[in-house]
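Structure first, then comments.
Numbered from 1 within each chain, the chains take letters A, B, ... in sequence-line order.
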Amino acid sequence: MPDSPSDFIRDMVRADVAAGKHGGKVVTRFPPEPNGHLHIGHAKAICVDFGVAKEFGGRCHLRMDDTNPTTEDVSYVEAIKRDVKWLGFDWGEHLYYASDYFQRFYDLAEKLVERGRAYVCDLPDEEFGRSYRGTITEAGKDSPYRTRTPAENLELFRGMRDGKFKDGEKVLRAKIDMSSPNMKMRDPPLVRIKHAHHYRTGDSWCIYPLYDYAHCLEDSFEGVTHSLCTMEFESARELYDWVISATEVPHVPQQTEFARLNLTYTVMSKRRLLQLVEQKRVSDWDDPRMPTIAGFRRRGYTPESIRDFIGRVGVAKNLSTVDVALLESCVRDDLDRRSPRVMCILKPLELVIESFPENEVEELEAPHWPAGTEPGADIAENLRGSRKLPFSRTLLIDRDDFAEDPPAGWKRLAPGREVRLRHGYFVTCTRVEHEGGQVSRVICTHDPATRGGIASDGAKNVGTIHWLSAAHAKDVEVRVYDRLFTTENPGSDESTDWLLELNPASLTVVRAKGEPCLAQAEPSARFQFERVGFFTADPDGKPGAPVFNRTVALKDAWARQTAKAAPTKAAPLVSQPATTEDKKPAAPLSPEANALVTAHGVTAGEARVLVQDAVLGALFAAAVAAPEGEALAKQIASVLVNDLLGEMRAKKIDALPFDGKALVELVQLGQAGTISTKQSKDVLAEMIASGKPARAIVEAKGMKQIASADALGPIVDQVLLANADVVARYRGGNVNVFGAIVGLVMKQTKGQGNPKVIADLVKEKLA
RNA sequence: UCCGGCGUCGUCUAAUGGCAGGACAGAGGAUUUUGAUUCCUCUUACGAAGGUUCGAAUCCUUCCGUCGGAACCA
């Protein structure tokens, strides 16, 4: 079993399950809007949603988030279902539609109205935005309709439902806070009027809920425990929680955000993908150059390779653009194991073997699979073993495998040079014929002793090229796909048209020649064209007239080497702009903070926090006022700011169960040497959790500090002996492991050793 | 500019105060009837400055950068 992935989401879910949250159950959902095709970015969400559910024994729902009738269609529903299935995920019985909940959304909205948590607003959209919402820096003001009574609102809301108003004439708003720093909380619309036909509910509704109102309720209705979405919904989370709480629905789901996937050399936004299709820059949504699931499928990608890719990308919150080379590496890796090898000539050049009889045809045995590779169950019968290759006097080779004037390092054919024809014979070029200024025919002799490609004299360092018998080769159409864009981040420069960054050579159609077995290839059959790349049969092909898409090229060390030898661009001579980090000076300390610095000798940074944070400030004041507090003011401030603040943030708490006197006691224990600074942090955490006094905690846990070198010495010796490898690394010059050695001793003493004494001992013993 | 998020090799991602690890990309080499595959070796990173600590990528402060948020879209 591959090692199961670990990331911040899985860590959170694991902790929730362990804590018995939701009875230890895990329910996730993948909620696309059926208004477009799924792309590789969705594949990440699908893998995360379904993957997390599966790993924790839960389930994942497929939910069509179809709350906007004007954009959605059943054809998208079908495409989405097919794509999710193809990726290898199964929602079982759990296919849901937001549109099935319209009545429930409505009923809960009536309840909000009755409770005075929502109101009907008559302000037109633009006017609300212009005159009431405010800006990011200024608070908004209340809508004049905000004070309508629940009864009045109820009647109007029912009127909305009954079609008494036109689109945009009225809207149901949440009554929250027009001065919230989070714009999402400034009385957001919950339900709008739309006289439009819905692809599922027809004309039964003329009001439709908005995302922020509907989505959290959908999650709640379905018992979703972990609602995983992308980062742009982060500021919507506050509203998500508001709706759940205001509607008083019994099940409370939790939203968590992660970064969406971006890929180099491609665009991912629905808007841009649509533009590519509509402007016929690509053939359709499933054009093999599109980053859609359908595009990757047609290109010949396997679902396994895409899942592997998503796994390797990982899940985090960083904005990221993954190198498409990683995806290509994943698909090569997968295809290498599952593709039969065949020969196909993309740029045919005639090769005549003078020494071979005119009308003779020989059959040579050639395995479809490299040694050690077994064909999978899905491989056609005729491709499972080996095939007979016809060999005759007139062959075809690839133009790229012949050079009249070969560069240094050339291992292919050239005048006077010998190469191996794969599975065939060694041939030597004797002369060349030209036509119209270019090579038209290569004349060779063959070595009959090398039949099957086996070197007669054990010669190893001979290049190998692929070939076909001219008379037996079949016509095949090959579509060579390359990256759709020439730039790593198309559209990142707003000042230019992103369409200008399209790669004009993203598709090259080649009339190629292939082995006989290719003529009958079933659509979606996959091959490796040896020395060229991985290809898949396209549905456009017909029996006898096959079409192949290049999924991905083989790695090509020779091409890389030659590209490097001939630099394409002159190095830019622009000098690096000086990195003058013009620094804004830190804001000056407030008078209150200054007073703390002069009165108690705390640092400026600490004073700043104590002034700014009311809870900590009050605690500090109480502590220094307590008996013996003033003498310890500096230490108290340090504990408060450097330890307590971080602890409170991590645990998301804003009130403390102990007072200033308790804090003084903790600091005193540290000053007296009863406990170490490390232990002091543990005690502090315990004080936050239980509110017990420091001394009681210390006694209950039997904490003490071992500071005597006599007691610590033997332990240090033992650790040094047991970790000879670490010690060796320290002696080798890695000073960083010093801390690790101290840590190991600390662990031995169960945290009771005095780290300073230990550090001195270690230093002394390793000197 | 307000609120929020995020800053680790070229790229993506680990580390839960104690040896900055992995993958891809790149470089070099071995094997090879695919200049492929496979195998080995190597280069390269904690945004900056302060503070707390025996010890900081990790805790605190300030600054810098970057992304998201002011749709009757999702």
So, under a plain 3.5 Å distance rule, would you say the side chain of A:R412 forms a donor-acceptor pair with the base of B:G35?
yes
So what does A:D11 touch, heavy atoms closer than 4.0 Å: a base, only the sugar-phosphate, or nothing?
base
Are any of A:R192's side-chain N or O atoms less than 4.0 Å away from OP1 or OP2 of B:C73?
yes
Touch check for A:L263, heavy atoms < 4.0 angstrom, all strands: base, sugar-phosphate only, or nothing?
nothing
Side-chain N,O (A:R260) to OP1/OP2 (B:C12) below 4.0 Å
no
In this structure, how many angstroms lie between the C1' atom of B:G4 and the CG atom of A:D241, rounded?
14 Å
For A:R312, is there an ion pair with A:D308 - N to carboxylate O distance below 4.0 angstrom?
yes
Nucleotide nearest A:K678 when distance is taken to its side chain, options B:C72, B:G35, B:G17:
B:G17
Under 4.0 Å between any heavy atoms, over every strand shown, what does A:K411 touch: base, sugar-phosphate, or nothing? Just pick one.
base
Decide whether a cation-pi geometry holds between A:K194 and A:Y208; the criteria are a distance under 6.0 Å from NZ or CZ to the six-membered ring centre and an angle within 45° of the ring axis.
no
Students often get this wrong, so: under 4.0 angstrom with heavy atoms, is A:I454 touching a base, only sugar-phosphate, or nothing?
base
Select base, sugar-phosphate, or nothing to describe what A:W369 touches, counting heavy atoms under 4.0 Å on all strands.
nothing
What integer distance in Å separates A:F8:CZ from B:G5:C1'?
11 Å
Ring-base stacking, A:Y211 with B:A74 (5.5 Å, 30° cut-offs):
no
Euclidean distance, A:E647 CD relative to A:I688 CD1, rounded to 0.5 Å
4.5 Å
How long is the span from the NE2 atom in A:H466 to the CG atom in A:L346, to the nearest 0.5 Å?
7.0 Å
Select base, sugar-phosphate, or nothing to describe what A:F233 touches, counting heavy atoms under 4.0 Å on all strands.
base
For A:E138, report the nucleic acid contact type (base, sugar-phosphate, nothing); a contact means any heavy atom under 4.0 Å.
nothing
Evaluate the ring planes of A:H37 and A:Y76, with Trp represented by its six-membered ring, and classify them as parallel (under 30°), tilted (30 to 60°) or perpendicular (over 60°).
perpendicular
Give a yes or no on whether a donor-acceptor pair under 3.5 Å exists between the nucleobase atoms of B:G51, that is its base, and the side chain of A:N642.
yes
Look at the side chain of A:L326 and decide which nucleotide, out of B:A23, B:G18, B:U34, has an atom nearest to it.
B:A23
Closest to the A:M231 side chain: B:G5, B:U37, B:G35?
B:G5
So what does A:K184 hit on the nucleic acid, given a heavy-atom distance under 4.0 Å: a base, only sugar-phosphate, or nothing?
base
Quickly work out the A:D643 CG to B:U53 C1' distance and round it to whole Å.
9 Å
If only side-chain N and O atoms of A:R133 are considered, is one of them under 4.0 Å from the OP1 or OP2 phosphate oxygen of B:A71?
yes
Taking the basic N atoms (NZ, or NE/NH1/NH2) and the acidic carboxylate oxygens, is any pair closer than 4.0 Å for A:D219 and A:R63?
yes
Just checking A:P370: base, sugar-phosphate only, or nothing, at a heavy-atom cut-off of under 4.0 Å?
base
Using atom P of each nucleotide, how far apart are B:G47 and B:A20 to the nearest Å?
16 Å
Report yes if a side-chain nitrogen or oxygen of A:K555 is closer than 4.0 Å to either non-bridging phosphate oxygen (OP1 or OP2) of B:G35; otherwise report no.
no
Does the pair A:D398/A:R531 count as a salt bridge with the N-to-O cut at 4.0 Å?
no
Starting at OH of A:Y265 and ending at C1' of B:U11, how long is that distance when rounded to a whole Å?
11 Å
At 4.0 Å (heavy atoms only), tell me whether A:R332 reaches a base, stays on the sugar-phosphate, or touches nothing.
nothing
Taking B:U37, B:G10, B:U1 as options, the one with an atom nearest any side-chain atom of A:I136 is B:U1
Indicate, with a heavy-atom threshold strictly under 4.0 Å, whether A:V191 touches base, sugar-phosphate, or nothing.
nothing
Would you tell me if any nitrogen or oxygen in the side chain of A:R560 comes within less than 4.0 Å of OP1 or OP2 on B:G35?
no
Whole-Å distance separating the CE atom of A:M268 from the C1' atom of B:A74:
17 Å
Output the rounded distance in Å from CG (A:D7) to P (B:C12).
17 Å
Ignoring the backbone of A:N318, work out which of B:U13, B:G68, B:C54 is nearest its side chain.
B:U13
Nearest-neighbour nucleotide for the A:L645 side chain, B:C73, B:C60, B:C54 considered:
B:C60
Just N and O in the side chain of A:R312: are any of them under 4.0 Å from OP1 or OP2 of B:G22?
no
Between the side chains of A:D7 and A:R10, is the shortest nitrogen-to-carboxylate-oxygen separation below 4.0 Å, so that they form an ion pair?
yes
Kindly confirm or rule out a cation-pi arrangement of A:R173 over A:Y145, judged by NZ or CZ under 6.0 Å from the six-membered ring centre and within 45° of its axis?
no
For the atom pair CZ (A:F426) and CD1 (A:I454), what is the distance rounded to the nearest 0.5 Å?
9.5 Å
Can you tell me which stems RNA chain B forms when a stem means 3 or more consecutive Watson-Crick or G-U pairs under 3.5 Å?
B:2-7 with B:64-69, B:10-13 with B:21-24, B:26-30 with B:38-42, B:47-51 with B:59-63
Kindly say if A:N35 contacts the phosphate of B:A74, meaning a side-chain N or O under 4.0 Å from OP1 or OP2.
no
Is the phosphate of B:A74 approached by A:T67 (side-chain N or O, under 4.0 Å from OP1 or OP2)?
yes
A:R260, CZ: over 12 other non-hydrogen atoms inside 6.0 angstrom
no
Scan A:K681 against the nucleic acid and name what it touches under 4.0 Å (heavy atoms): base, sugar-phosphate only, or nothing.
base
For A:H466 and B:G35, what is the distance between atoms NE2 and C1' respectively, to the nearest whole Å?
13 Å
Check whether any side-chain N or O of A:R608 sits under 4.0 Å from OP1 or OP2 of B:U62, and answer yes or no.
no
NA contact type, A:V313, heavy-atom cut-off 4.0 Å: base, sugar-phosphate, or nothing?
sugar-phosphate
So what does A:T137 touch, heavy atoms closer than 4.0 Å: a base, only the sugar-phosphate, or nothing?
base
Send over the distance from A:F128 CZ to B:A70 P, rounded to a whole Å.
13 Å
Can you check whether A:N182 has a side-chain N or O nearer than 4.0 Å to OP1 or OP2 of B:G4?
no
Base B:U52 to side chain A:E606, donor-acceptor N/O within 3.5 Å cut-off:
no
